[in-house]
Amino acid sequence: MFSEKALYADNMDAEGALVDIQRAFDIIIPHEDLPHIKNVGQLYDYVIDMLPKACGKKCVSSMTFYRLRQNIKFIDPDVKLKPTTQLQNISSDTPKIFWKKLKQTSSLNLPSLEYSLPGMAALYIGLLSMCALVVILFIKPTMNITFGLAFITLFAIVRVKSDPKRFPKALVNMKDLANEVVTLSHGKLLQEGARLDKNDHWNILTLNLALWSDRVEKEQIKRSTPFY
């Protein structure tokens, strides 16, 4: 008998996806309700029932852009912003500092920044030196090698923590950022008067589910698709 391909091999990835979905829709799914949600359709219906019932009047994309613009201008009153403004031209601060300020002023969920190339190199070097240090300690530790690897590991940790970060490659301008924030802060925006759109709900739900799956693409997800 044909069995539809499940999203995940086990419940670990499913739990990760559920965390992101609760964050995006600004809801909490009680642990005791989870056993009753077996497939995507049941999860979708559950999420819809928990969202605000009153229909707002504001376009969620426009609302998000203007809210971001307002908060960015609060950080830097002289900045001029439009949808095509590139993120790298918005602030003289590093992306890490600018992102922290924007999170505090907007109270929106922002996408995660990426490590810069030097930061990524330091991360890998730190991991390699840490592994080498563990191996050396188990095999035949020598003081010079042990201290050398320990110094490299410490230096790499400091470099990673101080990394200025960079904007995600997929986000080029303010329009890209607004669209991403809609996905990450959908529930919060609905509560503040954004217009309800069930197609948007489905797209955001399936996007978060697909990001945690290496078995099923977003376009392949149906209401009957099981989690695992």
Side-chain angles (χ1 to χ4, degrees), residues 16-17 19-26 58-128 152-190 192-195 197 200 203-212 214 217-219:
V19 169
D20 283 354
I21 287 167
Q22 291 178 87
R23 178 171 176 256
F25 287 97
D26 198 29
K58 302 175 184 177
C59 169
V60 68
S61 297
S62 297
M63 175 183 174
T64 306
F65 170 77
Y66 287 114
R67 178 164 170 178
L68 287 169
R69 186 174 74 170
Q70 179 183 7
N71 284 278
I72 291 172
K73 288 184 74 68
F74 177 80
I75 298 171
D76 184 354
D78 297 326
V79 68
K80 299 184 183 300
L81 297 173
K82 52 186 179 179
T84 56
T85 302
Q86 294 194 348
L87 296 182
Q88 62 184 7
N89 298 329
I90 290 176
S91 175
S92 58
D93 289 325
T94 65
K96 184 178 181 178
I97 294 174
F98 171 66
W99 232 229
K100 182 178 180 179
K101 291 179 180 178
L102 186 55
K103 281 184 178 180
Q104 291 173 341
T105 56
S106 69
S107 299
L108 294 170
N109 298 324
L110 303 180
S112 299
L113 295 172
E114 298 174 353
Y115 285 110
S116 67
L117 290 178
M120 185 63 71
L123 179 63
Y124 283 118
I125 290 172
L127 290 173
L128 288 173
I152 293 173
T153 301
L154 180 60
F155 176 82
I157 291 173
V158 171
R159 179 61 185 82
V160 169
K161 285 187 173 294
S162 63
D163 188 63
K165 300 289 188 72
R166 64 181 180 185
F167 297 114
K169 292 180 181 178
L171 304 184
V172 177
N173 53 36
M174 280 293 298
K175 181 180 178 181
D176 295 335
L177 175 59
N179 289 336
E180 186 70 11
V181 171
V182 167
T183 300
L184 297 173
S185 301
H186 196 59
K188 185 175 295 184
L189 294 166
L190 292 178
E192 296 176 3
R195 188 163 55 240
D197 187 328
D200 286 341
N203 288 333
I204 290 170
L205 181 77
T206 53
L207 174 62
N208 280 283
L209 291 173
L211 287 174
W212 284 85
D214 56 3
E217 299 294 331
K218 178 182 180 297
E219 294 73 19

Identify the heavy atoms of [X] and [Y] that sit nearest to each other, and give their distance.
X	Y	result
G126	A156	CA-CB, 3.4 Å
P168	L113	CD-CD2, 4.2 Å
E114	K169	OE2-N, 3.5 Å

Practice problem: Show your working on side chain to side chain contact (heavy atoms under 4.5 Å, CB included) between L189 and R67 and close with a plain yes or no. | Solution: CA-CA 10 Å; L189 294 166; R67 178 164 170 178; 4.3 Å; yes
Practice problem: Answer yes if the side chains of T84 and N173 hold a donor-acceptor pair under 3.5 Å, and no otherwise. | Solution: no
If you round to the nearest 0.5 Å, how far is [atom2] of [Y] from [atom1] of [X]?
X	Y	atom1	atom2	answer
L190	M63	CG	CE	8.5 Å
L209	K218	CG	NZ	10.0 Å
I152	I157	CD1	CD1	12.0 Å
H186	I21	NE2	CD1	12.0 Å
N208	N203	CG	CG	11.0 Å
F155	I125	CZ	CD1	8.5 Å

Is the shortest heavy-atom distance from the side chain of [X] to the side chain of [Y] under 4.5 Å?
X	Y	value
I204	F25	yes
V181	L68	yes
P111	L177	yes
Y124	Y115	no
L117	R166	yes
S185	D26	no
L184	L108	no
M174	I90	yes

Practice problem: Could you please spell out the steps behind the side chain to side chain contact (heavy atoms under 4.5 Å, CB included) verdict for D93 and W99? | Solution: CA-CA 9 Å; D93 289 325; W99 232 229; over 6 Å; no
Exercise. Kindly check if the number of other-residue, nucleotide or ligand heavy atoms within 6.0 Å of CD (E217) is above 12?
Key: no
Practice problem: Please check if atom NZ in K165 has more than 12 non-hydrogen atoms from other residues, nucleotides or ligands closer than 6.0 Å. | Solution: yes
Exercise. Using the side chain to side chain contact (heavy atoms under 4.5 Å, CB included) rule, take L102 and N71 through it: C-alpha gap first, then chi angles, then the decisive distance, then the call.
Key: CA-CA 7 Å; L102 186 55; N71 284 278; 4.0 Å; yes
N/O donor to acceptor pairs below 3.5 angstrom from side-chain atoms of residues 75-82, sequence neighbours left out:
residue	atom	partner	partner atom	Å
D76	OD1	D78	N	3.2

Quiz prompt | Intermediate values then yes/no, side chain to side chain contact (heavy atoms under 4.5 Å, CB included), V172 and Q86 | solution = CA-CA 6 Å; V172 177; Q86 294 194 348; 4.3 Å; yes
Quiz item: Is there a donor-acceptor pair closer than 3.5 Å between any side-chain N or O of D163 and the backbone N or O of S116?
Solution: yes
